[in-house]
Amino acid sequence: MPEIFADLHIHSKYSRATSKQMDVKQLVYYAHLKGLKLLGTGDCTHPTWLRELKQNLHEFNDGIYLVKHSKYEVFFMITGEVCTIHEHGEKVRKVHHVLFLPSLETAEAVNDILGRYADLSADGRPIFNNLSPATLVEILSEVDSRIMIFPAHLWTPWFGALGSKSGFDSVTECYEDKTDRIKAIETGLSSDPPMNWRVSSLDKYTLLSFSDSHSPWPWRLGREATVFKLETLSYKEIVDSISKKDRNRILFTVEVDPRFGKYHWTGCRRCNFSVPPGQYKLYGGRCPNCGRKMTVGVADRVEELADRPENAKPLNAIPYMHLIPLSELLSVYYKKPVHSKLIWQVYVDSVKKVGSEFEILIKAPEEKLLKIFPRPLVKFIIKNRRGELKIKPGYDGIYGELMLEEEFLENGKTSKMQRLDEFFYRSQ
Ligand SMILES: [Zn+2]
Ligand SMILES: [Zn+2]
């Protein structure tokens with residue numbers, strides 16, 4: 001089988017603060033543009049969403065589904081995310097967990113049981129109060145031993161298993177006597193594999209990357225992904241390759257630069273104030289402007305738990321690639337909002353010519369790109385491919401910001417309209 005770009009942590013329109021467009025028909029269209037071959041359904045615990053999935057999907061192979069009557073060959077696996085809140089060591093711990101389920105039938109069985117602990121229809125990502133992560137693992141294992149569960153966005157201050165606000169100091173402390181059932185961790189947007197490699201106790205886990213997207217737009221969907229190469233596309237193979245941290249079957253992960261994430265640095269969003277790693281203690285952890293406690297970012301949190309120097313790399317590490325979505329590059333280059341009509345037009349036009357966004361970002365030779373894009377933009381895309389873009393780090397819930405260096409403009413004074421004209425001229 002060819003490589004499979006997979007995004008297995010997303011949300012449906014039934015989760016809070018998600019796009020109304022998050023349904024399977026929209027998802028396969030945007031996944032197709034992006035170059036994603038496999039999506040998680042997200043929100044498998046939500047009764048209405050599960051009903052929609054049963055109506056719209058048919059099983060293609062063991063645990064792998066296709067949308068009925070769709071012209072796009074984009075597969076689905078049954079996935080979800082749940083939140084546990086409980087007290088441990090006199091501290092309230094809030095943790096998000098990703099679930100992989102072997103079938104829609106298992107999802108029904110899971111919901112029968114989990115429905116006793118929370119109102120599953122309240123949110124696509126249900127909250128279980130007074131339920132420990134270990135108990136959650138136990139409940140799920142009893143329903144079906146093939147279910148996979150692992151911590152979502154491991155480091156985010158809120159809801160990350162190792163987060164600075166309500167997390168733990170180790171995966172073992174979080175999952176207690178059920179830790180041996182945990183085979184993977186999701187690194188989240190604000191951390192990348194090299195940051196995780198600094199904590200030796202994480203070596204045994206497979207580092208996975210997914211978007212956690214709340215909308216189907218290609219600057220969200222697949223902004224992080226895991227790339228598999230499998231004999232056959234099946235639930236069993238996916239889970240087996242992850243459980244064994246098999247570098248032959250998991251080729252690499254796609255990561256945004258961690259500075260692009262919303263919680264990379266420590267700071268205070270109210271005051272637009274952030275500090276580089278290692279400095280927040282100089283301020284007593286408080287914002288010098290409003291005096292509130294700053295939100296400790298992922299970079300500082302990793303430093304606290306790290307037992308290895310920077311640039312350390314474990315032997316069996318899975319490769320990764322830093323990539324910022326194409327729409328973001330276009331938006332910065334043409335100085336138009338990422339969701340504007342013009343950027344969308346350029347995006348769709350170029351993706352249709354090359355095949356997919358990942359093809360443009362990762363594989364298309366420079367000569368091919370030059371036939372479509374102006375030279376400085378091609379340079380920008382190549383820099384992205386090498387992970388060399390300039391990014392202002394995100395903090396306290398504010399995304400990092402991609403910066404355009406002057407060197408990318410052949411003529412610094414070229415107007416954005418001239419640049420767009422050039423694109424459409426080349427595109428004809
Ligand atoms: Zn989450
Ligand atoms: Zn402040």
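Each ligand, and each atom within it, is numbered from 1 in the order the structure gives. Since this is a predicted model, take the numbers as computed values, not measurements.
Only protein atoms were considered; those of element N, O or S under 2.8 Å from the Zn ion (ligand 2) number 4.
In this structure, the side chains of Arg385 and Leu361 stay at 4.5 Å or more apart for every pair of heavy atoms. Looking only at side-chain heavy atoms (C-beta outward), His214 and Met22 stay at 4.5 Å or farther from each other.
The side-chain tip of Lys34 points at the ring of Phe358 from less than 6.0 angstrom away and within 45° of straight on.
Around the Zn ion (ligand 1), the protein contributes the following N, O or S atoms under 2.8 Å, ordered by chain and number: Glu81 OE2, His96 ND1, His153 NE2.
With salt bridges taken as basic N to acidic carboxylate O contacts below 4.0 Å, none links Lys25 and Asp23.
Side-chain rings of Phe60 and Phe75 approach one another, their centers coming within less than 6.0 Å. Less than 6.0 angstrom separates the ring centroid of His32 from the ring centroid of Tyr72.
Thr187 and Asn196 are not linked by any side-chain donor-acceptor pair at a separation below 3.5 angstrom, with hydrogens and angles left out of the test.
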Could you list the donor-acceptor pairs under 3.5 angstrom formed between side-chain atoms of residues 159-167 and any protein atom two or more places apart in sequence or on another chain?
from	atom 1	to	atom 2	distance (Å)
Ser164	OG	Val296	O	3.0

Only distances under 3.5 Å count here; give the side-chain donor-acceptor pairs of residues 247-254 to other protein atoms, sequence neighbours excluded, each with its distance to 0.1 Å.
from	atom 1	to	atom 2	distance (Å)
Arg247	NH1	Ala317	O	2.4
Arg249	NE	Asp246	OD2	2.7
Arg249	NH1	Asp240	OD2	3.2
Arg249	NH2	Asp240	OD2	2.8
Arg249	NH2	Asp246	OD2	3.3
Thr253	OG1	Glu255	OE2	2.7

